[in-house]
Enquirer: 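Just dropping this structure here.
Reminder, nothing fancy here: chain letters follow the sequence lines and each chain counts from 1.
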Amino acid sequence: MRLSRFFMPILRETPKEAEIVSHRLMLRAGMLRQETAGIYAWLPLGLRVLNKINAIIREEQNRAGAIEMLMPTIQPADLWRESGRYDDYGKEMLRIEDRHEREMLFGPTNEEMVTEIFRAYVRSYKDLPLNLYHIQWKFRDEVRPRFGVMRSREFLMKDAYSFDLDQAGAEHSYARMFTAYLRTFARMGLKAIPMRADTGPIGGNLSHEFIILASTGESEVFCHKDFLQFDTPAADIDFDDSRAMAAVVDKWTSRYAATSEMHDAAAFEALAEGERVSARGIEVGHIFYFGTKYSQPMRAVVNGPDGKETFVHMGSYGIGPSRLVAALIEANHDDAGIVWPRSVAPFDVGLANLKVGDAATDAACQDLYEKLSSAGVDVLYDDRDERPGAKFATLDLIGLPHQLIVGPKGLAEGKVEVKDRRTGARETLSPEEALNRLAARGDS
RNA sequence: CGGGGUAUAGCGCAGCCCGGUAGCGCAUCUGCUUUGGGAGCAGAGGGUCGCAGGUUCGAAUCCUGCUGCCCCGACCA
């Protein structure tokens with residue numbers, strides 16, 4: 001992508017409404033535009049990151065055996081009357097009336113709808129286990145939206161719903177998602193720690209929040225330092241092996257970990273001093289097992305092996321991709337701007353032409369741009385007629401993992417420069433060496 | 001939902017107390033010079049001063065009402 005033809009409205013000054021660093025940087029980098037309180041337009045750069053995150057989530061959900069679908073944002077109120085949540089949910093639910101004066105709502109979550117779909121088609125235990133997920137916009141009319149997309153009213157959510165014949169099966173499904181979540185966050189370069197959680201309005205009796213550690217996080221968390229060294233489950237782990245799945249959950253729940261709401265100070269103090277980690281955290285995922293809470297009132301039943309009808313056991317599993325964009329920035333930034341982990345960066349490489357209009361520099365940049373692009377490297381080519389300082393500042397702000405800096409001074413000696421955004425390390429290389437270096441990184 | 005702020009050009013702000021033809025910086029446009037860490041000079045464009053009433057010869061400024069947005073708390077993927 002040529003920057004001169006891209007739409008990336010960066011700001012030099014921070015809009016005053018932005019309080020936390022991720023919100024400030026998202027506005028400054030031209031990723032996001034607030035339309036009204038808690039409702040945002042995703043500009044091209046922001047959308048690229050959101051899509052990268054979604055792609056990782058999809059891969060890991062699919063790997064764990066979940067199946068993607070897409071349910072609507074607007075739902076009929078009657079569905080929610082069946083579960084009893086239409087009245088319970090309160091003012092956080094955005095209620096709408098259509099032209100026929102039918103009561104509708106903008107979905108804050110999808111347990112009712114997915115249960116309705118399930119019961120319409122599934123009759124036999126032989127079709128279980130089943131896990132359906134989608135990535136869809138949700139609306140919760142928060143009393144006080146704040147911190148940009150960290151707590152917005154409209155937000156994107158990946159929500160998965162599992163259906164099993166009994167509790168043992170449901171616990172296996174829970175463990176699959178637990179494992180998938182560990183892998184998902186690890187692939188984004190995040191240290192996510194599962195913490196036992198309240199089940200809230202979703203209901204149920206087994207639940208974990210996945211909290212990532214970030215110095216600017218919203219809430220205080222306490223955990224054993226072993227979590228920082230635990231290995232992420234491998235990509236080839238057998239998700240159908242219920243023992244292997246249970247082992248993952250056992251391992252990742254074997255040490256103390258709690259948010260401030262669930263904190264047990266005595267238990268934490270019982271740990272040796274060197275084992276205690278208290279930090280700040282951001283909730284990026286939340287999983288629930290809630291048994292027959294919805295299948296019973298909504299009559300989602302299957303015939304078991306014994307020929308009798310049984311209410312299915314369900315769980316639901318949420319990740320907020322839009323919040324993750326902000327959380328990733330909270331965990332990855334410095335004074336100059338964002339520092340994207342490779343796996344979610346909007347582009348792999350920022351190519352800075354330091355003297356647009358200089359024939360040799362233009363030609364060298366064009367050549368590198370074409371060769372990197374055809375090698376599968378996603379390049380943002382800054383071909384604007386700006387001074388070098390402005391280009392460096394822009395590239396640092398938007399945080400692409402690598403900068404390829406090409407100017408007449410270097411070219412006179414046959415050299416270009418490759419800068420690593422995270423470490424700041426610079427290498428002076430020939431264009432061919434730079435190409436090999438960056439193309440190799442594009443593979444992983 | 002309680003408490004506190006704030007609203008003037010795309011962004012950041014001054015002007016308001018003490019009423020008199022709306023200003024600064026950045027950004028944008030034109031020209032020239034410049035080009036390895038947010039350039040310089042010269043010029044230009046851009047605002048029904050959040051909305052609605054009121055007071056006044058005259059309101060960004062004073063008064064009344066409303067609305068948006070932000071922050072702190074209680075609540076949350």
Enquirer: Decide whether a cation-pi geometry holds between A/Arg95 and A/Tyr89; the criteria are a distance under 6.0 Å from NZ or CZ to the six-membered ring centre and an angle within 45° of the ring axis.
Expert: no
Enquirer: Distance check: side-chain N/O of A/Lys409 vs OP1/OP2 of B/G36, anything under 4.0 Å?
Expert: yes
Enquirer: What is the distance, rounded to the nearest whole Å, between atom CZ of A/Arg144 and atom P of B/C69?
Expert: 13 Å
Enquirer: Judged by modelled atom types alone, do A/His286 and A/Tyr181 share a side-chain donor-acceptor pair under 3.5 Å?
Expert: no
Enquirer: Heavy atoms under 4.0 Å, any strand shown: does A/Gly410 hit a base, just sugar-phosphate, or nothing?
Expert: base
Enquirer: Using purine N1 to pyrimidine N3 plus N6-O4 or O6-N4 for Watson-Crick, or N1-O2 and O6-N3 for G-U wobble, each under 3.5 Å, what pairs with B/C41?
Expert: B/G31
Enquirer: Nearest whole Å is fine: how far is B/G36 C1' from A/Asp396 CG?
Expert: 13 Å
Enquirer: Any Lys/Arg nitrogen of A/Glu59 or A/Arg187 sitting under 4.0 Å from an Asp/Glu carboxylate oxygen of the other?
Expert: yes
Enquirer: Mind checking if A/Leu354 touches a base, just sugar-phosphate, or nothing, with heavy atoms under 4.0 Å?
Expert: base
Enquirer: Verify the contact: side-chain N or O of A/Lys91 to OP1 or OP2 of B/C1, cut-off strictly under 4.0 Å; return yes or no.
Expert: yes
Enquirer: Considering just the side-chain nitrogens and oxygens of A/Arg12, establish if one lies under 4.0 Å of OP1 or OP2 belonging to B/G38.
Expert: no
Enquirer: Any strand counts, and the cut-off is 3.5 Å on both contacts for Watson-Crick or G-U wobble. Which nucleotide pairs with B/C26?
Expert: B/G10
Enquirer: Can you tell me how far C1' in B/A42 sits from the matching atom in B/G36, rounded to whole Å?
Expert: 27 Å
Enquirer: Is there a Watson-Crick or G-U wobble partner for B/C17 with both distances under 3.5 Å, and which nucleotide is it?
Expert: none
Enquirer: Does any residue of residues 34-71 of chain A have a heavy atom under 4.0 Å from RNA chain B, and if so, which ones, in number order?
Expert: A/Gln34, A/Thr36, A/Ala37
Enquirer: Say we look at B/A9 and B/U33: how far apart would their C1' atoms be, to the nearest angstrom?
Expert: 29 Å
Enquirer: With both distances kept under 3.5 Å, what pairs with B/G46, Watson-Crick or G-U wobble?
Expert: none
Enquirer: Quick check: on RNA chain B, is the nucleotide nearest A/Leu156 upstream (toward 5') of the one nearest A/Asp385, or the reverse? Name the residue that is more 5'.
Expert: A/Asp385
Enquirer: Find every protein N or O atom lying less than 3.5 Å from an N or O atom of nucleotides 29-33 of chain B, and list the pairs.
Expert:
none

Enquirer: Pick the nucleotide of RNA chain B nearest each of A/Glu92 and A/Lys391; which residue has the one closer to the 5' end?
Expert: A/Lys391
Enquirer: For B/G2, which nucleotide in any strand shown is its Watson-Crick or wobble partner with both distances under 3.5 Å?
Expert: B/C72
Enquirer: How long is the line joining CE of A/Met150 and C1' of B/A77, in whole Å?
Expert: 12 Å
Enquirer: In whole angstrom, give me the gap between the C1' atoms of B/U21 and B/G65.
Expert: 29 Å
Enquirer: Just name whichever nucleotide pairs with B/C51, Watson-Crick or G-U, keeping both distances under 3.5 Å, else none.
Expert: B/G65
Enquirer: If the threshold is 4.0 Å, N to carboxylate O, is there a salt bridge linking A/Arg384 and A/Asp382?
Expert: yes
Enquirer: For B/G45 versus B/G10, give the span between their C1' atoms, rounded off to a whole number of Å.
Expert: 13 Å
Enquirer: Determine, for A/Arg146 against A/Glu19, whether the closest basic-nitrogen to carboxylate-oxygen distance falls under 4.0 angstrom.
Expert: no
Enquirer: With a 4.0 Å cut-off on heavy atoms, is A/Arg153 in touch with a base, just the backbone sugar-phosphate, or nothing at all?
Expert: nothing
Enquirer: Would you call A/Asp88 and A/Arg85 a salt bridge, using N to O less than 4.0 angstrom?
Expert: no
Enquirer: Just to be sure I understand the rule, does A/Glu17 reach a base, reach only the sugar-phosphate, or reach nothing, if contact means heavy atoms closer than 4.0 Å?
Expert: sugar-phosphate
Enquirer: Quick check: do A/Glu111 and A/Ser83 have side-chain heavy atoms less than 4.5 Å from each other?
Expert: no
Enquirer: Can a salt bridge be assigned to the pair A/Asp396 and A/Lys419 using a cut-off of 4.0 Å between side-chain N and carboxylate O?
Expert: yes
Enquirer: For B/A14 and B/U34, measure between their P atoms and round to the nearest Å.
Expert: 39 Å
Enquirer: Check A/Arg119 with A/Glu82, please: is the shortest side-chain N to carboxylate O separation under 4.0 Å?
Expert: yes
Enquirer: What about A/Glu386, does its side chain sit under 3.5 Å from the base of B/G38 through a donor-acceptor pair?
Expert: no
Enquirer: Determine the Euclidean distance between corresponding P atoms of B/C18 and B/A39; express it in Å to zero decimal places.
Expert: 44 Å
Enquirer: Checking contacts here: which listed nucleotide (B/G38, B/A77, B/G36) is nearest the side-chain heavy atoms of A/Ile10?
Expert: B/G38
Enquirer: May I ask you to say what A/Arg426 touches in the nucleic acid, namely base, sugar-phosphate or nothing, with a heavy-atom cut-off under 4.0 Å?
Expert: base
Enquirer: If you look at every strand shown and take non-hydrogen atoms under 4.0 Å, does A/Thr361 touch a base, only sugar-phosphate, or nothing?
Expert: nothing
Enquirer: Check A/Tyr133, A/Tyr317, A/Tyr289 against A/Ser162 for a side-chain hydrogen bond (donor to acceptor under 3.5 Å, both in side chains) and give me the one that passes.
Expert: A/Tyr317
Enquirer: What distance, rounded to whole Å, do you find between the two P atoms, one in B/G20 and one in B/C63?
Expert: 15 Å
Enquirer: Without decimals, in angstroms, what is the distance between A/Glu13 CD and B/C24 C1'?
Expert: 12 Å
Enquirer: Do A/Glu103 and A/Arg81 meet the salt-bridge criterion of a basic N to acidic O distance under 4.0 Å?
Expert: yes
Enquirer: Evaluate the side-chain proximity of A/Leu45 to A/Phe6: yes if any heavy-atom separation is below 4.5 Å, no if none is.
Expert: yes
Enquirer: Would you indicate which nucleotide in B/C1, B/C72, B/A77 comes nearest to any side-chain atom of A/Val143?
Expert: B/C1
Enquirer: Does B/A59 have a Watson-Crick or wobble mate here (both distances under 3.5 Å), and if so which one?
Expert: none
Enquirer: Roughly how many Å apart are B/G15 and B/U55, using the P atom of each and rounding to a whole number?
Expert: 29 Å
Enquirer: Once you apply a heavy-atom cut-off of 4.0 Å, does A/Asp358 come out as touching a base, just sugar-phosphate, or nothing?
Expert: nothing
Enquirer: Can you give me the closest heavy-atom contact between A/Leu190 and A/Ala331, atom names plus distance?
Expert: CD2-CB, 4.1 Å
Enquirer: Could you let me know what B/G36 is paired to, Watson-Crick or G-U wobble, both distances under 3.5 Å, or none if it's on its own?
Expert: none
